[in-house]
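So you know, we letter chains A, B, ... as the sequences are listed, proteins then strands, and number each from 1.
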Amino acid sequence: MSNAPKDEYTVRQEKIKELLELGVNPYPYKFEKNVKSIYLKQNADNLLNKEFSFAGRIVLKRVFGKLIFANLRDEYGDLQIAIEKNKANVHGTEELDALKFFKKYCDIGDFIGVKGTLIKTKTGEPTILVKELYFLTKGIRQLPEKWHGLQDKELIYRQRYLHLIDSLEAREVFKKRTKIIYEIRKFLNDRGFIEFETPVLQPIYGGAHAKPFKTYANALKTDLYLRISDELYLKRLLVGGFERVYEFSRDFRNEGIDRLHYPEFLALEAYAAYWDYYDMMKLAEDMLSYLVKSIYGTYEIEYQGEKINFTPPFKRISYIDELSQKTGFDIINAREEVIREKAKKEGLKGWNKLDRWRLIDKLFDKLIGDEIKDPTFVIDHPRAISPLAKAHREKPDRVERFELFVLGMEIANAFSELNDPIDQKRRFEEQLKQREQGNTEIPPEIDYDFINALEYGMPPAGGIGFGIDRIIMLLTNAHSIRDVILFPQLRPREED
RNA sequence: GGGCCGUUAGCUCAGGCGGUUAGAGCACCGGAUUUUUAAUCCGGUGGCCGCAGGUUCGAGUCCUGCACGGCCCA
């Protein structure tokens, strides 16, 4: 037997043994909790002296000689309990006094249940005066510090459960995420859209420009890709006869991680037959303003110190006209050297490597996108960077497309959808040429089955894709996309 | 990919001018305490100072490399 001091991990495991010796199961099966902390706190005055059965995790303890106060945290918040000497027993052990038991065996981090009466203390704090204490779960690791909480970003991401235990605000962010998705579903369902599920694993990836994750299906003896978009499948549903369709699509892009990008993200794509992109602008305006209002009760929100106004209608600016004006040359017809020169001047990486259209798009992001604050539709993009959009009905070299920007972030992308199979095939072939010239983000294979589908006839349609994580960032005032993703990937850390 | 910053006890942080044995608070252990709410008071346990080299009589501290993380830029 060593006299070496024991660390807490060991001490707590020994408490488990002692609990067993007392006949108390440290990990029992169930407890009949019949009230939420928030309900008791909000309605305390009407509920005084009534009996309740409550449970939660011990987050604070204040131990006096013959009286203990503790805060139990449930999903909704903290509630105080009080245990007086010789007034409460421990479930399953008739003779044990709950005060003594709590003092010795109940640590911060453990779950307990209590049955008792709701009272208010001298200071007016709603409190359950315990009559019977139930031990529910022993925690053998120490929780983060009670006042500052968990601060280390790495631990916050790697051990999100700890962050959630620790921070009620963090719980709010992720609850809000769920609420936002719920509200979007409601909004679309109310307008006759039907939610469908399409393949996550795709034999030919498409619908966007991005590097994919690749995998292999043993049963089919074939390569498959995690989808970078579900666009081409939702359009097949329009061909199939559905008129308003949508899908929340977890998409995967094997690219960099930063404040706005993450390899698996949540997109929402929606398509409506017989609509054009003007109808989709209306939908985007209505949906976003509805969301902001349903969450904040107003159209104005503050994000990272910036005020953003979501009152519809949103501003519209022309991609080509605006960019031509900013650069001082005609974007469509400018010679490549001129564009390159400008890109170099703006300090864009790859100014001497990227093709003209990618340079133009980078120039756009830098000169215009980054400057946008309030929601703004950027409309009528160059045809060459929009292979799935219909040619503009009036303006040559342009397509009927818009991107919605908020505070420099691209939030949505929409078109009057291209439904001419011959044009579509030609555009895909043009894209392939761009790939051959070094744009590796363009899918290497044409999805001929999609062309085939169009050949049966897809009705005229408007389509839109939203970046849901970014919308959630805006509505939860999150600085980084990782702050709205529960379990973000980090590099593996060597085990000790 | 580039720049800057960080990594010290389970957690939150000091120490950074190289000098015996590395500090505090929380948590935990022991004691006192019947109205606290970050309770308080007294006493105690707990460290490969991210990892590996180097400089030096001597490194948590200075130098180099690496790892992980954060922020900014591309």
> Describe the nucleic acid contact of A:Gln151 in one word from base, sugar-phosphate, nothing, applying a heavy-atom distance below 4.0 Å.
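If one applies the 4.0 Å heavy-atom cut-off, A:Gln151 turns out to touch the sugar-phosphate alone, with no base involved.
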> Test of understanding: with side-chain hydrogen bond (donor to acceptor under 3.5 Å, both in side chains), list the residues that count as partners of A:Tyr303, not counting sequence neighbours.
A:Arg259
> Between B:rU55 and B:rU45, how many Å separate the two P atoms, rounded to a whole number?
37 Å
> May I ask you to say what A:Tyr157 touches in the nucleic acid, namely base, sugar-phosphate or nothing, with a heavy-atom cut-off under 4.0 Å?
sugar-phosphate
> Whole angstrom is fine here: how far is it from NZ in A:Lys353 over to C1' in B:rA74?
11 Å
> Indicate, with a heavy-atom threshold strictly under 4.0 Å, whether A:Gly109 touches base, sugar-phosphate, or nothing.
nothing
> Using only side-chain N and O atoms of A:His479, determine if any of them is under 4.0 Å from OP1 or OP2 of B:rC71.
yes
> Indicate yes or no: does A:Arg177 engage A:Glu172 in a salt bridge with an N to O separation below 4.0 Å.
no
> Is a salt bridge present between A:Asp107 and A:Lys138, judged by a nitrogen-to-oxygen distance below 4.0 Å?
yes
> If you find the nucleotide of RNA chain B closest to A:Asp107 and the one closest to A:Lys85, which residue's nucleotide is nearer the 5' end?
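That would be A:Asp107.
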> For A:Lys120, answer base if it contacts any base atom (sugar-phosphate contacts may also be present), sugar-phosphate if it contacts only those atoms, and nothing otherwise; contact means non-hydrogen atoms under 4.0 Å.
nothing
> Using a strict 4.0 Å threshold on nitrogen-to-oxygen distance, state whether A:Arg12 and A:Glu14 make a salt bridge.
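No.
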> Suppose you measure atom C1' in B:rG23 against the same atom in B:rG60; what distance do you get, rounded to whole Å?
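One C1' to the other, the span is 12 Å.
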> Please determine whether a side-chain nitrogen or oxygen atom of A:Lys122 lies at a distance below 4.0 Å from atom OP1 or OP2 of B:rU34.
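Negative; the distance criterion is not met.
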> Checking A:Glu21 now: which residues fulfil side-chain hydrogen bond (donor to acceptor under 3.5 Å, both in side chains) with it, not counting sequence neighbours?
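Per chain and number, A:Glu21 pairs via side-chain hydrogen bond (donor to acceptor under 3.5 Å, both in side chains) with no residue.
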> Salt-bridge test for A:Asp355 and A:Arg358: reply yes if a basic N is under 4.0 Å from a carboxylate O, no otherwise.
yes
> Assign A:Asp166 to base, sugar-phosphate, or nothing according to its heavy-atom contacts below 4.0 angstrom with the strands shown.
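Counting heavy atoms under 4.0 Å across all strands, no contact is made by A:Asp166.
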> Check the phosphate of B:rA74 against A:Lys366, side-chain N and O only, distance under 4.0 Å to OP1 or OP2. Yes or no?
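For A:Lys366, the contact criterion (side-chain N or O under 4.0 Å from OP1 or OP2 of B:rA74) is met.
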> A:Glu154 has an atom CD; how far is it from atom P of B:rU7, in whole Å?
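After rounding, the reported distance stands at 13 Å.
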> If you only use heavy atoms from C-beta on, which nucleotide in B:rA74, B:rU35, B:rC28 is closest to the side chain of A:Glu8?
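Shortest atom-to-atom distance from the side chain points to B:rC28.
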> Find the partner of B:rG19: check Watson-Crick (N1-N3 plus N6-O4 or O6-N4) and G-U wobble (N1-O2, O6-N3) distances, both under 3.5 Å, and reply none if neither fits.
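Its partner is B:rC57.
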> Under 4.0 angstrom, heavy atoms only, what part of the nucleic acid is A:Ile68 near: base, sugar-phosphate, or nothing?
nothing
> I'd like the C1' distance from B:rG65 over to B:rA27, given in whole Å.
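It comes out at 37 Å once rounded to the nearest Å.
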> Just label B:rC28 as syn or anti from its O4'-C1'-N9-C4 or O4'-C1'-N1-C2 angle, using within 90° of 0 for syn.
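Anti conformation here, the glycosidic angle of B:rC28 being more than 90° from 0.
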> What distance, rounded to whole Å, do you find between the two P atoms, one in B:rA24 and one in B:rC71?
33 Å
> Round to the nearest Å and state the distance from A:Lys61 atom NZ to B:rU33 atom P.
17 Å
> Quick one: do A:Asp380 and A:Arg401 make a salt bridge, cutoff under 4.0 Å?
no
> Rounded off to whole Å, could you give me the CG-to-C1' distance for the A:Leu162 and B:rU12 pair?
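Computing the A:Leu162:CG to B:rU12:C1' distance gives 14 Å.
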> For the side chain of A:Phe69, starting at C-beta, report the closest nucleotide among B:rC28, B:rC68, B:rU35.
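Selected nucleotide: B:rU35.
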> Can you check whether A:Phe64 stacks with the B:rU33 base, using ring centres under 5.5 Å and planes within 30°?
no
> Salt-bridged, A:Glu429 to A:Lys433, with N to O below 4.0 Å?
no
> Write down the distance separating the C1' atoms in B:rC63 and B:rU56, rounded off to the nearest Å.
12 Å
> Whole Å only: how far is the CG atom of A:Asp152 from the P atom of B:rU7?
11 Å
> Taking NZ, NE, NH1 and NH2 as the nitrogens, is one of them in A:Arg335 or A:Glu337 under 4.0 Å from a carboxylate oxygen of the other?
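Salt bridge present between A:Arg335 and A:Glu337.
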> Remember a base hit wins even if backbone is also touched, and classify A:Gly347 as base, sugar-phosphate or nothing at under 4.0 Å, heavy atoms.
sugar-phosphate
> Within less than 4.0 Å of OP1 or OP2 of B:rG6, is there a side-chain N or O belonging to A:Lys153?
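No, no such contact exists.
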> How many Å lie between CZ on A:Arg158 and P on B:rU7, as a whole number?
17 Å
> Please determine whether a side-chain nitrogen or oxygen atom of A:Arg62 lies at a distance below 4.0 Å from atom OP1 or OP2 of B:rU36.
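Answer is no, no contact under 4.0 Å.
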> In whole angstrom, give me the gap between the P atoms of B:rA59 and B:rA52.
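Looking at atom P only, B:rA59 and B:rA52 are 15 Å apart.
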> What is the pairing partner of B:rU36, taking Watson-Crick or G-U wobble pairs with both distances under 3.5 Å in any strand?
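Its partner: none found.
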> Taking only the P atom of each, what is the distance from B:rG47 to B:rA9 in whole angstrom?
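So the two P atoms sit 11 Å from each other.
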> Between atom CD1 in A:Ile108 and atom P in B:rU12, what is the gap in whole Å?
16 Å
> When you check the phosphate oxygens OP1 and OP2 of B:rG69, does a side-chain N or O of A:Arg482 lie under 4.0 Å from one of them?
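No, A:Arg482 has no side-chain N/O under 4.0 Å of OP1/OP2 on B:rG69.
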> Once you apply the 3.5 Å cut-off to both distances, tell me the Watson-Crick or G-U wobble partner of B:rC68, or none.
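Partner of B:rC68: B:rG6.
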> So what does A:Lys15 hit on the nucleic acid, given a heavy-atom distance under 4.0 Å: a base, only sugar-phosphate, or nothing?
sugar-phosphate
> What parts of residues 139-147 of chain A reach RNA chain B, counting only heavy atoms under 4.0 Å away?
A:Gln142, A:Pro144, A:Glu145, A:Lys146, A:Trp147
> Taking the six-membered ring for Trp and the single ring otherwise, decide whether the centroids of A:Tyr277 and A:Phe415 are under 6.0 Å apart.
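No: the rings miss the under 6.0 Å criterion.
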> Round to the nearest Å and state the distance from A:Asp258 atom CG to B:rA74 atom P.
11 Å
> For the C1' atoms, the ones on B:rC51 and on B:rC68, what distance do you get once it is rounded to whole angstrom?
11 Å
> Scan every strand shown for a Watson-Crick or G-U wobble partner of B:rC28, both distances under 3.5 Å, and answer none if you come up empty.
B:rG44
> Does the pair A:Glu336/A:Arg340 count as a salt bridge with the N-to-O cut at 4.0 Å?
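Salt bridge: yes.
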> For the side chain of A:Gln80 and the base of B:rU36, is some donor closer than 3.5 Å to an acceptor across the two?
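Indeed there is one.
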